[in-house]
Structures are given as structure tokens and as C-alpha cells.
Amino acid sequence: MLPANSTIISGPCSAETREQVLETARGLSNIGIDFFRAGIWKPRTRPGEFEGIGNEGISWLCEARETYGLKIATEVAKTEHVELALKNNFDMIWIGARSTVNPFTVQEIAESLMGTNIKVMVKNPVNPDLKLWVGAIERIIKAGITDVSAIHRGFSVYEKTLYRNDPNWQIPIDLRQELPHIPLICDPSHIGGRAHLLLPLAQKAMDLHYDGLMIESHCDPKHAWTDAKQQITPLELKSLLNSLTIRNRAEIDEDVILRLRDQINQTDDQLIQLLRNRMRISEEIGVFKKDKNHVILQKNQWEEALKRNVINARKVGLSEEFVTQLFKLIHQDSIRIQSEILSKNEND
Ligand code: PEP
Ligand code: MN
């Protein structure tokens with residue numbers, strides 16, 4: 001069971017046929033979702049793929065709304081889309097990841113929204129750039145829209161990974177810190193790219209206090225024209241939502257936790273002191289390198305040190321990935337400090 005104020009948005013990746021839209025909407029109408037979604041204009045990465053059914057699909061969504069009492073939502077990417085969505089009284093629109101990335105596009109959408117008050121959701125840009133995401137939301141707010149939400153759909157990476165799009169959870173966490181009043185929705189479908197990943201991703205979003213979920217569903221997922229691997233049937237959606245464990249969202253102020261937090265704070269203070277000491281040693285090494293006219297990066301020594309740290313970390317049960325990232329960051333800052341020392345003019 002979901003928390004009472006969570007928003008659930010579901011529906012097919014694309015509107016394909018009238019029958020497919022109505023059949024999916026019928027299935028979803030029994031679940032009690034908040035919005036029925038379907039892409040009418042599909043921004044595809046490469047030409048030649050199905051690019052959406054176009055304007056014809058509008059009437060199918062309107063019919064789904066009339067028949068099943070669902071609120072409807074679709075993706076817009078330019079003025080013409082916004083105008084059609086407004087003319088047909090869509091309840092909500094969203095800006096897709098490939099549009100958020102482009103301030104010209106977002107500005108065009110924002111301008112065509114002026115004077116209206118439709119609900120707008122802004123997906124994160126395809127690249128892991130918090131500022132572009134915040135900027136797009138700000139453009140929509142500046143246009144006078146008051147009901148704006150953010151959708152976290154993950155970020156493109158070149159390498160093949162478990163996920164279709166890297167979740168990079170820190171970025172939505174940072175977004176929420178910057179825009180605390182903007183509801184945050186998770187789209188596990190485009191993060192996971194495969195149906196079996198939806199539940200763990202949706203669970204994580206709930207545990208991170210998200211305000212809702214957008215999950216793609218289709219009456220016949222196997223034969224979906226777009227994103228077939230990540231769509232589930234309305235019935236599967238129902239069971240997914242029922243499987244979510246919803247935990248208490250109140251701020252914790254019990255003694256046990258307060259004591260543990262105090263220990264964390266003290267440990268963090270020690271970490272800062274340790275890092276400070278480490279950087280002082282780096283500074284000394286920097287002075288030596290400058291004196292003897294040595295380059296900063298001692299390649300073998302850095303690789304050896306990283307290996308040694310990873311082995312030690314593994315012995316005490318720390319994650320290899322975490323420790324590697326941490327020491328890369330520390331090393332980067334050592335380099336920054338030493339570069340400053342090396343570039344300092346004697347007479348400065
Ligand atoms: C979609 O929601 O179907 C879609 C195209 O998403 P995104 O913009 O996240 O790729
Ligand atoms: Mn999709």
C-alpha cells in the first residue's frame with residue numbers, strides 16, 4: 001500500500017491504436033491510478049523508429065478519460081503539442097528528458113504555457129546535470145505554472161550497465177534540497193528498462209521519500225511498439241504497488257537514533273581532521289616536487305596506493321566501488337593542491 005498522498009501515473013509508453021489505449025486504460029481504471037499517460041509524439045533517438053501516432057492519438061486519450069474517468073497526460077516537445085494538449089483539456093503534460101536538455105525547447109514550451117495553469121512535470125535531462133533540470137523547472141515556474149513536479153528517469157551512460165539509465169540517486173536528492181517544494185516522482189521504467197527491475201527501483205524511491213511513481217503499463221507488453229521490455233500489464237502494476245513496503249515517513253526523534261546520529265557526527269568530525277592531515281602531507285610533497293622540479297602525477301605510485309587501499313577496504317567489508325570513488329576524489333584534490341603549489345610564482 002502506498003502513502004495516501006503518493007501520485008501514481010501509468011499507461012503505455014506510446015499510444016499505438018485506439019483499442020490498445022482503451023484496453024490499457026480499462027485495466028488501469030480498476031487500480032485507482034491518478035493519471036493515465038501515453039506518448040503521442042515520441043522523441044526517438046534515431047530516425048526510422050516509431051515516432052508516435054501523432055495528433056490522431058489525442059482523441060483516443062480523450063475517449064479513455066470519458067469512458068473510464070481517468071485524468072490524462074502526455075509528453076510535449078514544442079508549442080504545437082502544448083496548444084493541442086490545452087485545446088483538448090489534458091490534465092497534465094510532461095517535458096521529456098531529450099527536451100529538458102535544451103533551454104531553447106524548454107523556453108518555447110514555457111512561453112506557450114503562459115496564462116494557463118495545467119499541471120507540468122519535468123523529466124531530468126538525459127545527462128547528469130542538476131542545473132539543467134533545475135533551470136527547466138524554473139522556466140516553467142516563471143511562466144506562471146504553479147503545479148510543477150520533477151520526474152527522475154535516470155541518466156544516459158555510454159557503457160552497458162544493469163540499468164537502461166543510471167539512476168544516480170544523488171542528483172534527485174540534490175534537486176530536492178534546491179527545490180524543496182517541488183514534488184519528486186520516480187520513473188523506474190526508464191531507469192530500469194526491464195520489467196523485473198521496476199519493483200526494487202520503486203521500493204527505493206519510496207524509501208527515499210518520493211512523492212509518486214510513473215510506471216509504464218500496456219495491455220500486451222510483449223507486442224508494445226516502443227519500450228516493450230519495460231512495460232507491465234495493469235494487473236502486474238497492481239501487484240507491484242501492493243508489494244511495496246511503505247515505511248513511516250515521520251522524522252525520527254527516538255533516543256536510540258539520536259545517540260547513533262551523535263556518533264556519526266563525531267566520526268565525521270574525525271574524518272574531516274584526518275582528511276585535513278592528509279592534505280597537509282600532500283602539500284609537503286607538492287613543495288618537494290616543486291623544489292626538485294618533478295611532475296605531479298606519479299603514475300605507478302598512485303595505482304599502487306589505490307590497489308592497497310581497495311585491498312584493505314575489502315578486508316574490513318567496505319564496498320570496492322565506494323572506496324575507489326572516494327580515493328579518486330581525494331587524489332583529485334591532492335592534485336589540485338599540488339598544482340596550486342607548483343604554479344605559484346616565487347615572487348608571489
Ligand atoms: C517516455 O516517458 O516514454 C519517455 C520518452 O521518457 P524519457 O523522456 O524519460 O526518455
Ligand atoms: Mn517509454
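Throughout, residue positions are numbered sequentially from 1 according to the sequence presented. As the structure lists them, so they are numbered: ligands from 1, and atoms in each ligand from 1. Predicted model only: the values in this text are computed from it and were never measured.
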Are there more than 12 heavy atoms of other residues, nucleotides or ligands under 6.0 Å from atom CD of Glu49?
yes

The Mn ion (ligand 2) - name of the N/O/S atom of Glu216 that sits closest to it:
OE2

Opening angle at the Mn ion (ligand 2) [NE2, His190; SG, Cys13; to 10 degrees]
170°

Would Lys42 count as a polar contact of ligand 1, with the cut-off being nitrogen or oxygen pairs under 3.5 Å?
yes

Check for me whether Gly39 has a heavy atom closer than 4.0 Å to any atom of ligand 1.
no

Can you tell me how the ring of His152 sits relative to the ring of Tyr210, calling it parallel under 30°, perpendicular over 60° and tilted otherwise?
tilted

Heteroatom of Asp227 nearest to the Mn ion (ligand 2) (N, O or S, atom name)
OD2

Using a 6.0 Å cut-off, check whether atom CZ of Arg308 has over 12 heavy atoms from anything other than its own residue.
no

Side chains of Asn277 and Gln273, donor plus acceptor under 3.5 Å
no

For Ser112 and Thr79 the tightest heavy-atom approach is CB-CG2, 3.7 Å

I need the Lys123 NZ to Ile151 CD1 distance, nearest 0.5 Å.
5.5 Å

Compare Arg44, Arg37, Arg153, Arg98 and give the one whose heavy atom is closest to atom 2 (O) of ligand 1.
Arg37

Any idea which part of Met214 is under 4.0 Å from ligand 1, heavy-atom wise: side chain, backbone, both or neither?
neither

